[in-house]
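For reference, the structure discussed in these notes is given below.
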There are 2 protein chains.
Amino acid sequence: MVVDGVTDEAVDRLFHALADATRRDILRRCVRGELSVSRLAAAYPMSFAAVQKHVTVLERAGLVTKQRHGREQLVRTDPDAVGRARQALDELESAWRARVDRMSGLLSDDGTGAGPGPGTGPRADPGPDATTNTKKGQDG
Amino acid sequence: MVVDGVTDEAVDRLFHALADATRRDILRRCVRGELSVSRLAAAYPMSFAAVQKHVTVLERAGLVTKQRHGREQLVRTDPDAVGRARQALDELESAWRARVDRMSGLLSDDGTGAGPGPGTGPRADPGPDATTNTKKGQDG
DNA sequence: TCCATCTACAACCATTTGGTTGTACGTTAG
DNA sequence: CTAACGTACAACCAAATGGTTGTAGATGGA
């Protein structure tokens, strides 16, 4: 399911990174890009290393960037990040509409069992994503 | 971080549910609400139980609903689901802007002691979400 | 130089996740 | 009633996640 150059795995990372309250809070704090990792870490009831891992998750998701400033590493939220997430949602939504629209079209065009009727078997193949989401490789 | 009746945990569940290509694909397929869980399961290279779990994750995130139809359980994507996700993104983004705007005024680095925003201030204590995201509860 | 700070990363642990199989139960068809 | 289908759920397992501590390498200042 690659729509606009954004791969499934990128969307996975994006939403996964957003699915944690601490990470979302880091995003909110780092808009100005003035917080180092250790200063950031001081704001949470967890170790420096834990916050470092959160920042890494955000970085790999493309939500923040790091910039060295002396011995500090300043974390900065990418302003376009929310845009990418929103785009992923838009793609989902448009896919829905496309699907609804297509089905409406089929029903009004053919009508000879082309609908969701069980007899035609809407699809026997695993589907678009099912074949590409082999991020785990569950063949064993 | 509760803004509009949507708790942090709800946002966690929402984004976590979206962070999986199989689940996103299920969402796309179930707009019409005509697919039972077993028919859905037939579309993926995994067991029925695995798909059942995915549907449960989506259901707990409020992204789909199930409706019994005879012995089948028809899965249907909630049309407002994307709206909720988008709202969560909007809240993130608006929090950014609010923070930038506020910092322009008082140049506080931690936000601690943010006087001019008692009701509007998103938070004042360092670990806002971190304290509330005790979904793990590592007290032992 | 020497020390304090910041960062990076490895090792380790408990819990969660995502998958499997097996079993039990309700519903429909014959 | 019995068989088949669809669902639900438990038990189990490998891998990922989120946390910890410890150690080592850069960097900046006295």
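Note on naming: letters A, B, ... go to the chains in the order of the sequence lines (proteins, then strands), and numbering restarts at 1 for each one. Only heavy atoms go into these numbers, but all of them, side chains included; no hydrogens, no water, no symmetry mates.
- Across C:dT20, C:dT7, C:dC9, the shortest atom-to-atom separation from the side chain of A:A49 is found for C:dC9.
- Between A:A50 and B:V37, the residue whose closest nucleotide on DNA chain D is further toward the 5' end is B:V37.
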inquiry  = Checking A:R76 against A:E34 for the salt bridge (charged side-chain N to carboxylate O under 4.0 Å, His left out) test, could you report, in this order, the C-alpha distance in whole Å, the side-chain angles of both residues, the deciding distance, and whether it holds?
reply    = CA-CA 7 Å; A:R76 181 175 192 176; A:E34 293 168 344; over 6 Å; no

inquiry  = Assess the residue pair B:R23 and B:H16 against the criterion (side chain to side chain contact (heavy atoms under 4.5 Å, CB included)); give the C-alpha distance rounded to whole Å, side-chain angles, the decisive distance to 0.1 Å, and a yes or no.
reply    = CA-CA 10 Å; B:R23 286 196 288 263; B:H16 169 70; 3.8 Å; yes

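- The nearest whole Å value for the distance from the CE atom in B:M46 to the C1' atom in C:dT17 is 13 Å.
- The phosphate of C:dG18 (OP1 or OP2) has a side-chain N or O of B:H16 nearer than 4.0 angstrom.
- The interatomic distance linking B:D20 (CG) with D:dA15 (P) rounds to 18 Å, in whole Å.
- Nearest to the side-chain atoms of A:F48 among the listed nucleotides C:dG19, C:dA8, D:dG19 stands C:dA8.
- Computed from coordinates, the A:H69 NE2 to C:dT5 P distance equals 18 Å when rounded to whole Å.
- If you take CD of A:E72 and C1' of C:dT5, they are 9 Å apart, rounded to a whole angstrom.
- With D:dG18, D:dA8, C:dT28 as the choices, the nucleotide that has an atom nearest any side-chain atom of B:K66 turns out to be D:dA8.
- Here B:R84 does not pair with B:D80 in a salt bridge; the nearest charged N to carboxylate O distance is not below 4.0 Å.
- Here the side chain of A:Q52 is nearest to one of D:dA8, C:dC9, C:dG19, namely C:dC9.
- Of all nucleotides listed (D:dT27, C:dC6, D:dG6), D:dG6 comes nearest to the side chain of B:S38.
- Atom pair B:R68:CZ and D:dC5:C1' shows a separation of 15 Å (rounding to whole Å applied).
- Summarising the geometry, the separation between CD on B:Q73 and C1' on D:dC5 is reported as 14 Å, rounded to the nearest angstrom.
- Between B:R39 and B:E72 no salt bridge is recorded (no basic side-chain N to carboxylate O distance below 4.0 Å).
- Nucleotide D:dT20 holds its C1' atom 19 Å from the OH atom of A:Y44, rounded to whole Å.
- Of the listed nucleotides (C:dA4, C:dA10, C:dT7), C:dA4 has the atom at the smallest distance from the side chain of A:R71.
- At D:dG18, one or more side-chain N or O atoms of A:R23 fall inside 4.0 Å of OP1 or OP2 (strictly under the cut-off).
- Of the candidate nucleotides D:dT21, D:dG18, C:dT7, D:dT21 has the atom lying nearest to any side-chain atom of A:S47.
- Cation-pi geometry between A:R24 and B:F15 is not met: the NZ or CZ atom fails to fall both under 6.0 Å from the ring centre and inside 45° of the normal.
- Put simply, NZ on A:K53 is 11 Å from C1' on D:dA16, counting in whole angstrom units.
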